[in-house]
Amino acid sequence: RLLTEHEYSFGYGADDDDGDGVDDDYERWYMTWGDPRLNGTTACSVCEPGTAVNVTGSAACDACEFPLIAKGEGFMVCGPTSAGYGWASASSETACAAGSYATAGGGTCDPCPAGSYSDHAAASECLQCEEGTASAEGATGCSSCEPGTYAHGGSACTPCPKGSFSDVQMAMECEVCPTGTYQPRAGQSACLDLPPGYATTGGAIGVVNLTEAICPDGQYAASVSECTPAEPGHFVAASGFGAASAEPCAPGTFASGSG
């Protein structure tokens, strides 16, 4: 017969044919399966995904903590996340979206810095924008700079300064306004021609305002690149505005010198 609860707890019973004080049914069970009172195990369990253990005689597996993972069963140690992937759980990782990246073991997908991009998922690094293009943070591509702007692969296309211009897309730099022209506004694709009476002397370039192209007193702008002194018998009014020619002296007046 089987042991009663009382007999089981003390390890003996009424069926003791061999006279050793221990129930015969218990002895047969013990010889076949071991002592049922010990609640033991006959084999070691495999660590589940997301856990690992690397010591002998462990009673449990340790859970992996960020940024380490164990994607399968039976891991002895938790490992790093893969390049291009972020930590999703102790047992899984997820691919970084386009516009972001992750280094091996980093655990997080970070947005690409301004001036760079990634155009596909699971990127391990971001690519630098080309000269003449730009991008904001987290970009999946770079934008070409429009005429009037320029860039060296930065976060934004920069307007050309006053006195300069760019007349093409993807400009890496702006050109200064040549002699005979000016530009009082930033971000322009062309320079303006000097009006009659103004000149940029000495090969001056990058002129911003017309006040920089007024000829000295007593001179006038015969061309946009030269100031000419007034001839004898002529004068140029010092009005602060550009003069395209000298005026003759009125009857009863004279001008002996030039300029």
What closest approach, in Å, do [X] and [Y] show between heavy atoms, and which atom pair accounts for it?
X      : Y      : result
Gly106 : Pro67  : O-CB, 4.1 Å
Glu231 : Ala246 : OE1-CB, 4.1 Å
Gly86  : Cys109 : N-SG, 3.7 Å
Ser164 : Gln183 : O-CG, 4.0 Å
Cys157 : Ser143 : SG-O, 4.4 Å
Ala102 : Thr108 : CB-O, 3.3 Å

**OP:** Report the C-alpha separation of Thr179 and Ser225 in whole Å, then their side-chain angles, then the decisive distance to 0.1 Å, and conclude whether the side-chain contact (heavy atoms from CB on, under 4.5 Å) test is met.
**Re:** CA-CA 7 Å; Thr179 297; Ser225 60; 3.9 Å; yes
Does the side chain of [X] reach to within under 4.5 Å of the side chain of [Y], using non-hydrogen atoms?
X      : Y      : result
Pro195 : Leu210 : yes
Cys112 : Thr140 : no
Cys177 : Val207 : no

[X] side-chain N/O to [Y] backbone N/O, donor-acceptor pair under 3.5 Å:
X      : Y      : result
Thr94  : Ala88  : no
Ser118 : Ser100 : yes
Thr201 : Glu226 : no
Ser58  : Val55  : no
Thr51  : Ala63  : no

Original post:
Quick check: are there more than 12 heavy atoms from other residues, nucleotides or ligands sitting under 6.0 Å from CZ of Phe235?
Top reply: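 More than 12 heavy atoms, drawn from other residues, nucleotides or ligands, come within 6.0 Å of this atom.
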**OP:** Mark yes when over 12 heavy atoms from residues, nucleotides or ligands other than Glu48 sit less than 6.0 Å from its CD; otherwise mark no.
**Re:**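 Atom CD in Glu48 is not crowded, with 12 or fewer foreign heavy atoms closer than 6.0 Å.
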Original post:
Which is it for Lys71 and Glu93 under the side-chain contact (heavy atoms from CB on, under 4.5 Å) test, yes or no, and what are the steps along the way?
Top reply: CA-CA 8 Å; Lys71 293 190 287 186; Glu93 56 187 3; 3.1 Å; yes
Original post:
Do any pairs count as a ring pair (Phe, Tyr, Trp, His ring centres under 6.0 Å) and have a residue in residues 86-109, sequence neighbours left out, and if so which ones?
Top reply: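 Checked against ring pair (Phe, Tyr, Trp, His ring centres under 6.0 Å) - neighbours excluded - the pairs reaching residues 86-109 are Phe66-Trp87.
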**OP:** Scan for ring pair (Phe, Tyr, Trp, His ring centres under 6.0 Å) pairs involving residues 156-183, sequence neighbours excluded, and state none if there are none.
**Re:**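 Residue pairs passing ring pair (Phe, Tyr, Trp, His ring centres under 6.0 Å), neighbours aside: none found.
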When rounded to the nearest 0.5 angstrom, what is the spacing between [atom1] in [X] and [atom2] in [Y]?
X      : Y      : atom1 : atom2 : value
Ile205 : Thr181 : CD1   : OG1   : 9.5 Å
Leu127 : Asp119 : CG    : CG    : 6.5 Å
Cys227 : Ile214 : SG    : CD1   : 10.0 Å
Cys64  : Phe75  : SG    : CZ    : 8.5 Å
Arg185 : Cys160 : CZ    : SG    : 13.0 Å
Cys129 : Tyr117 : SG    : OH    : 7.0 Å

Subject >> Pair listing, side chain to side chain donor-acceptor pair (under 3.5 Å) test, anchored in residues 146-161, at least two apart >> reply: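 Only Glu131-His152, Glu146-Gln169 qualify under side chain to side chain donor-acceptor pair (under 3.5 Å).
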Sequence neighbours left out, what passes side chain to side chain contact (heavy atoms under 4.5 Å, CB included) with [X]? Give chain and number order.
X      : answer
Val224 : Leu194
Ser91  : Pro49, Ser89
Glu130 : Thr133, Met170

Original post:
Shared ILVMFWY cluster between Leu192 and Val208, side chains joined below 4.5 angstrom?
Top reply: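 Different hydrophobic clusters.
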**OP:** Take Glu175 and Ser166, measure what side chain to side chain donor-acceptor pair (under 3.5 Å) needs, and give me the verdict at the end.
**Re:** CA-CA 6 Å; Glu175 300 180 49; Ser166 70; over 6 Å; no
